[in-house]
Amino acid sequence: MMLVLLLLIPALASAFISLSRRRRVMEWTHALASIAALIVGGVLAVRLGAGEPVALWDLLRVDALSAFMVAIVAFVGAIAGIYAIGYMRLEFDDRQIRRVRLFYALFQLFVFTMLLAVTTDNLGVMWAAIEGTTLATVFLVNIHDSHTGLEAAYKYLIMSSVGIALAFLGTVLMYYAASAQVGEIGLSWTSLIGIAPGLDPDIVKLAFVFILIGYGTKAGLAPMHTWLPDAHSEAPAPISALMSGVLLNVGLYALMRFKAVTDVTAGPAFSSTWLMRFGLLSLGLAAAFLVSQRNYKRMLAYSSVEHTGIIALGLGFGGYWGMLGALLHMVNHALSKSMLFLLSGSILLKYRTTDIRGVRGLLQAAPWTGFWFLCGVLALIGLPPFGPFVSEFIIFRAGFEAHSVAYAVTGIALLALVFAGMLGSVNRMLYGQASEQVKPGDPFRWPMMPMALNLILLVGFGLLLPDGVQEFFGHVLKVVGVLV
Amino acid sequence: MVLFPELPFARVANLLSFLFLLMSFLLLIRNSLSAQVRMFAVQSGVLSALAAVVAYFGGSRELFGVAVLFAFIKVIVIPNVLTRAVSKIGIQRAVAPYLGTSVTLAICAGLVVVAFYVMAPVMASNRLPTSDGIPLAFAGVLIGFFTTVNRRRALTQILGFLMLENGIFMVALLATYGVPLIVELGVFLDVLVAVLILEVFVYRIKHNFDSTDVGQMGALRG
Amino acid sequence: MSSAALVGLLSASLILLAGGAGSALAFARQFDLCRRMAHGLAVCGTVLVLILGFAGLIGNSFELSLPQILPLAGGLALGLDRLSAFFLFLIGVGVIPSTLFAIGYTRHYKQEQASMGCALNIFVASMVLVVLSRHVLTFLVFWETMSLASYFLVMTEKESDETRSAGWLYMVMTHAGLACLLIGFLAMLQATGSSMMHEWAGAEGVDPGVRSVIFLVMAAGFLSKAGAIPFHIWLPRAHPAAPSHVSAMMSGVMIKLGVYGLIRIGFEWLSPGPAWWGILILIVGAVSAVLGVLYALIDADLKRLLAYSSVESIGVILLGVGAGLVFRSYDLGSLAALALMAALYHSLNHAVFKSLLFLGAGSVLHATGTRNIEEMGGLLKRMPQTGAFFLIGSLAISAMPPFNGFISEWLTFQSLLLSFRIPEQIFNLVFALSIAALALTAGLAAACFVRAFGITFLALPRAQRAGRAHEADPAMRIAMGLFALACLAFGVAPVLVLRVLSGAVTGFLGSGPDLSFNWTSVSAAGEFAGIAPLWVALILALLMLAAWRGLRLFGANFNRRYYETWGCGRARQSADFEYTAAAFAHPFKRVFAVLYRPVQETEIEAHPESRYFVKTITYRNESRSIIEDSIYVPIGRTVRRLAARARRVQSGNVHGYLLYILAALLTLLLFAK
Amino acid sequence: MLAQIVITIVQWLVVVMGAPLLVGVIRKTKARLQGRQGAGVLQPYWDLRKLLIKEVVIAENTSWVFRLTPYVAIGTMLLSAFIVPVLTTAAGLPFMGNIILLMYVFLLSTFFLALAGLDAGSSFGGMGSSREMAIAALAEPTVMIAIFAIALRAGTTGLNEMISRAVSDPLLLLNPGHLLAFCSFFIVALAETGRLPVDNPSTDLELTMIHEAMILEYSGRYLALIKWAASIKLFLFLTLLGNIFFPWGVAVTLEPGAVATGVIALVIKLGVLALGLALLETAVAKLRLFRVPELLSGSFMLALLAVISFFFLR
């Protein structure tokens with residue numbers, strides 16, 4: 001019942017907004033929907049902490065892993081949603097009410113599709129939902145209808161659609177492997193994992209290849225990542241926060257589901273080596289772009305590619321530490337990246353340029369935004385008090401335990417390179433004298449308050465992890481097949 | 001339910017699969033947009049016929065309904081949407097693809113060989129009579145993918161994407177007599193919406209860049 | 001003292017430091033209140049740390065683990081043993097006077113008070129916790145927090161671009177060091193199976209090849225923090241940019257934690273290592289010492305000069321550590337203990353006199369507003385006490401007898417001279433060369449600090465700025481006085497430190513040092529060498545007094561007349577006649593030209609009317625740094641070139657992007673079997 | 001115990017009072033070698049007396065460092081007079097320090113002299129200090145390696161033990177390392193005490209002086225102290241050269257007979273060395289300043305060879 005409520009809230013909100021005319025109505029429905037989704041998602045996640053999954057008409061099923069994802073989607077959705085109200089008020093005035101309506105409606109639709117993708121048990125429906133996320137965000141990327149917006153949106157659509165079609169082929173082959181072995185069977189993950197030991201390893205490996213390329217495109221893994229910098233830098237701040245923070249994790253979620261099956265059938269070696277290779281390639285390419293980057297939104301986008309690479313490395317290293325590190329890093333990355341993209345929105349509003357050299361003396365001009373931006377970037381490049389430092393430590397520890405020392409060492413070196421590049425860029429923005437025409441003071445204060453929650457959670461994940469949360473992660477690991 | 005009918009079912013299925021692959025080759029060669037859309041319509045027709053044949057021999061009414069729905073969307077709705085787009089865009093100077101026709105055909109042949117090599121394990125373990133068509137279907141997927149890479153015009157890229165979708169539907173059809181209904185519906189819905197959105201984008205690209213050559217959209221780099 | 005009392009002491013000091021940080025943020029608006037609160041609480045916290053260190057040194061120890069913090073990696077684990085206790089003591093000695101100095105020195109900062117006060121407290125707390133941490137992740141977390149806090153301290157004056165680039169380089173070098181440490185720690189974790197560092201002692205199960213790689217990687221990480229030669233480039237940039245009391249703490253205390261780490265790997269975790277480890281550290285030490293002092297000699301920026309001399313002192317410390325490692329690999333336990341004691345004693349002395357010099361430089365900067373010693377001169381008359389303290393600091397750092405520098409350098413010399421007991425001939429030659437290097441360093445250090453003190457404080461002021469200088473405030477002078485007193489005390493009565501130190505080293509290494517000492521004399525290896533520092537100081541003072549009384553007795557003429565300096569009788573003596581810093585360093589620049597590779601430029605601007613009348617002559621004699629030009633600049637260039645080539649992947653062409661996906665798919669299909 | 005104190009005082013007085021005499025003897029021999037009559041052997045004593053009763057003229061812009069330096073210079077030299085075993089190894093204050101302390105005490109006096117040179121503010125003083133410090137710095141490694149070579153042989157760095165162990169070993173001269181160490185130590189002695197090839201002690205042309213330039217501004221009793229200290233330094237260096245490398249004759253016990261032979265041995269050794277020094281100074285011209293490092297690196301090589309000979313020809 002909670003499950004249906006969770007999915008209904010964004011769907012209904014989206015429908016209602018698309019009908020309403022006045023901006024205030026839209027904003028209120030949007031805000032209430034986001035907060036309601038957060039509450040329901042939170043309750044669901046806490047209840048699922050106990051471990052036994054909740055199923056509904058063999059279509060929807062929330063086990064520990066999906067509860068984990070629901071919690072992330074709901075939380076970041078709420079933070080970005082509240083911020084979006086402040087952002088849209090300054091970005092679009094009342095003459096462009098049509099765009100505002102489009103923004104809020106598609107925002108809620110986007111949250112709905114993501115929630116559907118992580119809560120469904122049927123792999124086909126999951127594929128459709130993920131394809132739905134692309135379709136929902138395409139118009140959001142192009143909301144300013146500029147030349148570059150159009151180009152980014154078209155590339156995003158064509159590449160995601162082509163990429164995900166391959167994922168569907170992978171799902172079909174997985175279904176074929178199941179039906180060839182057992183005969184008539186629904187395309188549900190639980191049944192698939194049940195009969196996984198008996199499946200034909202070659203077909204499952206072939207299917208996993210397509211899954212890796214297909215959902216890898218959605219997750220932003222290396223050779224398939226080229227749409228990501230354009231789409232995330234052109235989209236408005238709240239949307240790129242959601243896309244970077246959560247949508248990439250949904251892609252990784254799908255990969256983890258199929259990896260669980262493939263590992264049981266064909267042994268972990270196959271999926272691990274390729275995940276590690278793609279992860280390292282993502283890290284390397286992102287480092288090349290981050291060494292000297294001129295546009296701070298593209299910098300954040302490339303750092304998403306980098307962190308997806310780290311999570312893929314974590315999944316590739318596997319074992320208790322590897323999987324736990326990857327999950328933790330997903331949360332840390334979602335929290336820090338969404339905060340940073342929202343702040344980049346405020347910076348864009350204040351400085352009217354995405355060029356790093358154009359932004360000077362941010363700490364002087366907008367002290368709050370500047371300070372939080374600094375904390376966010378420090379978290380992102382892996383400095384101690386924040387979460388990513390611990391999760392990266394755990395991932396690389398798994399790397400050494402999985403005897404893939406070469407990958408781990410190269411990964412650490414590339415991270416140091418990224419650290420140098422990003423710190424340099426951020427320093428150029430934060431310090432120095434702010435130019436005169438930039439009026440001092442933050443663009444708006446109250447919509448940024450919820451972001452304090454991000455910071456507190458980041459430090460929380462960095463230093464201490466209460467037992468309840470540890471036990472929750474234990475269940476998630478059991479689902480993924482690491483802890484038996 | 002009749003699982004192993006007499007011989008002709010397998011040969012009919014193989015014939016239709018071969019026809020499907022032939023259509024995709026032809027689509028590759030034609031340069032004029034309207035001809036390409038017609039080729040796609042014919043290919044979808046062949047595919048819906050194959051679905052009907054499999055539904056008849058496989059004896060599942062559900063698959064028959066899917067075949068009819070497939071025919072309706074892929075043979076009627078999408079082609080006239082695309083022809084409307086072609087007429088709206090109007091005449092354009094011909095934009096040559098990256099590779100010449102002969103090189104494209106050579107590559108497609110290569111892709112077919114790759115398809116056979118890749119689909120060998122599926123063929124080996126599949127007991128269904130329609131299993132020989134699977135490599136042809138997968139070849140259709142690869143050729144569709146290659147079209148999106150090679151062709152510069154937006155509309156042809158959409159056709160490439162649709163060929164890819166057809167190939168995947170065909171693989172599902174031949175390997176497992178189609179995937180469960182709920183999934184099939186989801187896929188059709190997504191493909192339809194994707195094509196509509198792509199069509200909207202083609203108009204906007206035409207409006208902004210006054211040509212649908214997607215290659216010269218290169219502002220966002222580095 | 002029971003371990004509970006020790007833990008109580010530690011938590012009290014941490015609470016005080018946290019209070020200092022919190023109050024700095026709380027009173028961010030009231031600058032003066034924030035300044036006093038933050039620095040006052042920092043001093044109190046550090047006093048407790050000093051007491052804890054002392055307690056640890058005389059034998060108590062404790063183990064503490066808090067599973068609820070950092071739970072994923074086995075919780076926070078702290079522990080106090082003899083070596084950590086010594087470094088706590090060193091932190092206390094280095095930080096307390098500098099923070100007292102800061103109260104007076106940071107009066108002119110306004111908005112930066114909050115960030116500086118908070119970062120200072122966190123910096124001290126994290127240094128204390130680094131030394132105490134017993135668990136891998138705990139160590140790394142506090143190691144990086146220390147670097148982050150010191151980064152914010154360096155960035156206090158964030159307006160100037162020079163500070164920004166210095167801060168950036170510092171943070172990047174420290175993070176690269178952390179990456180090496182991470183690799184080393186993880187490899188050790190994997191090899192020994194346990195994440196508690198003191199369980200690694202000896203690491204028998206690890207095969208020699210892996211141990212050497214781990215040693216090299218972790219040594220690189222710790223040497224980059226210590227500022228030894230190949231990794232030193234951040235030090236001469238970060239220290240001048242930071243406020244003086246911060247550079248005093250960084251130079252005096254923080255870089256010693258790099259030495260602490262090196263001692264941990266060499267003497268505890270991978271202890272019975274091969275001899276070439278020690279030789280490698282020895283060579284790095286010798287090179288750091290000589291190059292450090294050579295670069296200090298030609299520098300005209302007072303604080304950068306002191307930063308380079310920190311590189312030199314780290315070199316001397318590494319000589320001791322390297323010698324200790326070599327002796328231990330030939331299991332000459334007593335000599336290893338002697339060498340390690342020399343290194344630790346020099347670290348303590350360096351913390352004292354380097355901080356004194358940095359505080360002196362700070363008050364000079366505060367008074368004259370410039371760091372360039374070419375614009376200074378005659379400050380001894382305007383800042384008598386700062387001048388006197390700076391002189392004591394210069395004497396101490398040049399290892400002149402009555403002061404503490406001499407004792408530790410003398411001990412290092414003895415441990416190097418005793419190397420003839422090592423059977424291996426090649427190593428004897430290396431030790432001989434390191435003795436020569438240490439001696440050359442001693443000589444050059446004397447020359448460097450004659451120049452630094454002479455040009456800054458003596459003769460006539462070379463610019464108006466120096467003319468208007470005024471004496472530092474009382475708080476600043478008390479701090480410098482404390483350091484000067486410590487310099488004399490550790491120099492004249494080394495037994496204070498030696499007794500405590502030999503106990504610590506015996507506890508840590510298991511074998512006592514080959515050293516016998518009592519209140520007046522210290523003798524190494526029995527008959528081999530001995531000095532009586534107390535007697536030397538007393539008799540020297542006595543003789544000087546006797547000479548003065550003797551002249552009186554002899555009836556020498558005691559009236560004196562003041563007249564202008566001899567200038568060959570021609571011109572009136574003025575500041576232009578004085579010898580400049582560059583001129584003073586010119587002989588060294590000529591002798592060591594192969595290292596400096598000086599670029600000489602002279603531009604003569606003729607008078608418009610005729611070529612024969614010269615308006616201005618500008619003479620520039622820039623020297624270039626070998627290390628930067630040959631290692632770091634090429635690395636930077638290649639990285640940027642590779643990155644630029646890799647950036648062509650994002651070409652903007654959608655067909656290219658689709659091709660990448662197709663290519664990835666085909667490679668996977670064909671090769672992933 | 002009383003005898004030890006008396007002998008120590010006697011030995012100290014021999015050094016302190018004998019130093020100007022040694023300088024006089026060297027000047028006298030040099031003059032005779034150059035065919036000049038030259039001043040009397042006791043002339044240095046008269047110079048010191050003259051300076052002591054003259055009035056002191058001090059440069060205006062100097063600070064208290066300028067006035068402290070003469071006392072530091074004389075104090076350090078008087079201290080080292082106690083440490084160096086001149087007549088007997090049994091007396092003196094050997095426990096005070098070994099040869100490394102001695103070298104650092106000499107460096108301390110150079111340190112203060114250089115500061116005094118800078119304090120006057122004249123370019124000659126600055127030039128003198130810069131060159132003096134350069135030479136002192138470059139001489140340090142040679143000194144230490146020479147000490148290392150001797151310490152290897154004697155097994156100790158303490159001066160008294162070094163000599164007492166070597167007295168009973170007649171074969172000392174035949175050992176190549178020993179002779180090499182002697183040559184390098186001799187060159188360093190020239191550099192440290194500012195004798196001819198490195199620096200001309202009797203010049204009055206400001207630009208060519210090194211040691212003299214630093215003390216250009218001094219006059220009256222300060223100048224006396226500094227000149228006296230310089231002479232003691234020369235005396236000590238030559239005694240070191242004599243006693244360490246040719247230890248025969250140095251008394252090992254306290255009874256008067258041995259001490260008498262010690263005095264005679266000392267006179268002979270210092271006489272020979274003074275003659276050698278004078279001969280060298282008449283024969284050799286002053287080296288250009290930037291050729292001095294080559295001389296010092298040559299002596300460094302000699303000392304290193306001494307060390308290597310010990311290790312590799314064991």
Side-chain angles (χ1 to χ4, degrees), chain A residues 59 122-132 134-135 138-139 142 145-148 150-155 157-162 164-166 168-169 171-173 175-181 185-188 200-203 205-207 209 229-231 233-234 289 293-295 298, chain B residues 118-122 124-128 134 137-138 141 144-145 148-149 154 157-158 160-161 164-165 167-169 171-191 193-198 200-202 204-205 207-209 214 217-222:
Chain A
L59 180 66
N122 184 315
L123 296 175
V125 171
M126 179 172 80
W127 178 86
I130 291 181
E131 170 74 1
T134 317
L135 305 178
V138 136
F139 283 108
N142 186 20
D145 205 2
S146 61
H147 272 268
T148 49
L150 180 63
E151 177 185 336
Y154 179 77
K155 284 181 187 170
L157 182 58
I158 196 76
M159 284 184 66
S160 298
S161 315
V162 164
I164 291 186
L166 295 174
F168 182 60
L169 182 57
T171 320
V172 162
L173 285 175
Y175 175 67
Y176 161 70
S179 61
Q181 204 263 334
I185 177 170
L187 192 59
S188 77
D200 169 356
D202 289 345
I203 297 178
K205 275 203 257 185
L206 182 62
V209 161
D230 302 345
S233 61
E234 289 308 317
F289 285 97
Q293 183 53 259
R294 274 187 307 284
N295 176 332
R298 289 182 81 87
Chain B
V118 163
M119 280 304 164
V122 176
S125 69
N126 190 336
R127 292 181 311 286
L128 296 178
I134 294 176
F138 183 60
V141 169
F145 199 158
T148 56
V149 170
Q157 262 194 340
I158 299 171
F161 166 60
L164 186 92
E165 286 293 327
I168 295 173
F169 175 75
V171 165
L173 198 63
L174 298 176
T176 60
Y177 289 0
V179 287
L181 187 62
I182 177 85
V183 174
E184 211 61 76
L185 294 178
V187 169
F188 283 156
L189 175 68
D190 279 340
V191 167
V193 170
V195 169
L196 292 175
I197 293 177
L198 277 166
V200 166
F201 270 100
V202 167
R204 288 214 183 139
I205 288 172
H207 174 65
N208 278 6
F209 296 88
V214 176
M217 276 203 306
L220 291 167
R221 56 165 65 88

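Numbers restart at 1 for each chain; the letters A, B, ... are given by sequence-line order, proteins then strands. This one's a predicted model, so the numbers in the text were calculated from it and none came from an experiment.
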Report task. Let me see the working for A/Trp127 and B/Val183 under side-chain contact (heavy atoms from CB on, under 4.5 Å), right down to the final yes or no. Result -> CA-CA 9 Å; A/Trp127 178 86; B/Val183 174; over 6 Å; no
Report task. Please flag which part of B/Val191 lies under 4.5 Å from any non-hydrogen atom of chain A: side chain, backbone, both or neither. Result -> neither
Query - Side chain / backbone / both / neither for A/Ala177 at chain B, heavy atoms under 4.5 Å - result: neither
Query raised in the report: Non-hydrogen atoms of chain A under 4.5 Å away: do they reach the side chain of B/Ile182, the backbone, both or neither?
Result: side chain
Query - Part of A/Ser161 within contact of chain B (heavy atom distance under 4.5 Å) - result: both
Report summary line: When the 4.5 angstrom heavy-atom criterion is applied to B/Ala124 and chain A, the contacting part is neither
Requested in this report: Check whether B/Val200 gets within reach of chain A through its side chain, its backbone, both or neither, counting any heavy atom under 4.5 Å.
Outcome: side chain
Report task. Determine, stepwise, if the pair A/Met159 / B/Thr148 fulfils side-chain contact (heavy atoms from CB on, under 4.5 Å). Result -> CA-CA 10 Å; A/Met159 284 184 66; B/Thr148 56; over 6 Å; no
Report summary line: So, the part of A/Leu169 with a heavy atom under 4.5 Å from chain B: the answer is both
Query raised in the report: In chain order, what residues pass the ring pair (Phe, Tyr, Trp, His ring centres under 6.0 Å) check against B/Phe138, with sequence neighbours excluded?
Result: A/Phe210
Query raised in the report: How would you list, by chain and number, every residue that makes a salt bridge (charged side-chain N to carboxylate O under 4.0 Å, His left out) with A/Asp230, sequence neighbours excluded?
Result: A/Lys155, A/Arg298
Query raised in the report: With only heavy atoms counted, which part of B/Leu164 is less than 4.5 Å from chain A, the side chain, the backbone, both or neither?
Result: side chain
**Report entry** Heavy-atom pairs under 4.5 Å with chain B, option from A/Asp202, A/Asn142, A/Ile164, A/Val209 with the top count
**Finding:** A/Asn142
Report task. Among the options A/Leu59, A/Asp200, A/Leu123, A/Asp145, pick out the one with the most heavy-atom pairs lying under 4.5 Å from chain B. Result -> A/Asp145
